[in-house]
Q: 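Let me begin by handing over the structure; questions about it come next.
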Amino acid sequence: RSGEMAKLTQLIDNEVFRAYATYTTIVLLKMMLMSLITAYFRITRKAFANAEDTASFGKGENAKKYLRTDPDVERVRRGHLNDLENIVPFLGIGLLYALSGPELYTALLHFRIFVGARIAHTFAYLIPLPQPGRGLSWAVGYAVTISMAYKVLKTALYL
């Protein structure tokens with residue numbers, strides 16, 4: 001067991017892994033914030049998906065009118081879904097990339113660009129900003145993940 005702990009300590013001492021952990025935490029917190037924003041929009045727009053969520057607005061037919069979709073709520077939900085579709089692959093590929101031995105500068109560049117692109121994408125979705133802002137921010141983040149995947153495939157795997 002002490003050998004396992006030594007390996008974990010070595011991983012934590014790895015600057016690239018610490019950078020990965022830092023930027024992963026930031027992007028995961030951003031994604032968690034999308035849940036709170038969705039809840040805020042549901043409450044302020046009085047647009048709920050579940051009958052039990054309308055209980056404070058009355059019962060029966062009066063409460064049923066709050067079981068509806070709202071364009072603002074749906075927009076936030078689509079932004080959150082886009083986070084799930086892009087951040088989850090970043091987590092796995094980014095971890096493999098961090099463990100593949102990249103230079104710290106290059107790794108930081110990848111991680112920072114990805115996180116910046118996802119934050120920009122969120123603002124572009126929520127404000128909303130005109131296209132191609134949202135599309136470009138998505139493409140930049142996606143390209144970063146592909147770049148890391150290419151590095152992993154090129155250096156760390158047997159093909």
Q: OH of Tyr142: more than 12 outside heavy atoms within 6.0 angstrom?
A: no
Q: Can you list everything that forms a side chain to side chain donor-acceptor pair (under 3.5 Å) with Lys46? Sequence neighbours excluded, please.
A: none
Q: How would you list, by chain and number, every residue that makes a side-chain contact (heavy atoms from CB on, under 4.5 Å) with Leu29, sequence neighbours excluded?
A: Thr25, Met32
Q: Would you tabulate the side-chain donor-acceptor contacts of residues 84-91 under 3.5 Å, counting partners in other chains and residues two or more places apart, or write 'none'?
A:
unit_1 : atom_1 : unit_2 : atom_2 : d
Asn86  : OD1    : Trp138 : NE1    : 3.1
Asn86  : ND2    : Asn82  : O      : 2.8
Asn86  : ND2    : Asn82  : OD1    : 3.1

Q: Would you please name every residue forming a salt bridge (Lys or Arg N to Asp or Glu O under 4.0 Å) with Lys64, sequence neighbours left out?
A: Glu61
Q: Quick one: salt bridge (charged side-chain N to carboxylate O under 4.0 Å, His left out) pairs with a partner in residues 73-82, sequence neighbours left out?
A: Glu74-Arg77
Q: Quick one: side chain to side chain donor-acceptor pair (under 3.5 Å) pairs with a partner in residues 94-105, sequence neighbours left out?
A: Tyr97-His110
Q: Show the atom names and distances, to 0.1 Å, of all donor-acceptor pairs under 3.5 Å that link a side chain in residues 49-58 to residues at least two apart or in another chain.
A:
unit_1 : atom_1 : unit_2 : atom_2 : d
Asn50  : ND2    : Asp53  : OD2    : 3.3
Thr54  : OG1    : Ala51  : O      : 2.7

Q: Could you tell me which non-hydrogen atom of Val16 sits nearest to which non-hydrogen atom of Pro102, and how far apart they are?
A: CG2-O, 3.5 Å
Q: Who else is in the cluster with Leu136 when I, L, V, M, F, W and Y are joined by side-chain contacts under 4.5 Å?
A: none
Q: Sequence neighbours left out, what passes side-chain contact (heavy atoms from CB on, under 4.5 Å) with Asp72? Give chain and number order.
A: Phe41, Arg45, Asp70
Q: Using the side-chain contact (heavy atoms from CB on, under 4.5 Å) criterion, which residues pair with Leu108? Sequence neighbours excluded.
A: Ala19, Tyr23, Leu104, Arg112
Q: Sorted by first residue and then second, give each salt bridge (charged side-chain N to carboxylate O under 4.0 Å, His left out) pair with at least one member in residues 131-144; sequence neighbours left out.
A: none
Q: Can you classify the ring geometry of Phe17 versus Tyr20 as parallel (below 30°), tilted (30 to 60°) or perpendicular (above 60°)?
A: tilted
Q: Ile113: what forms a side-chain contact (heavy atoms from CB on, under 4.5 Å) with it, not counting sequence neighbours?
A: Leu109, Val140, Val144
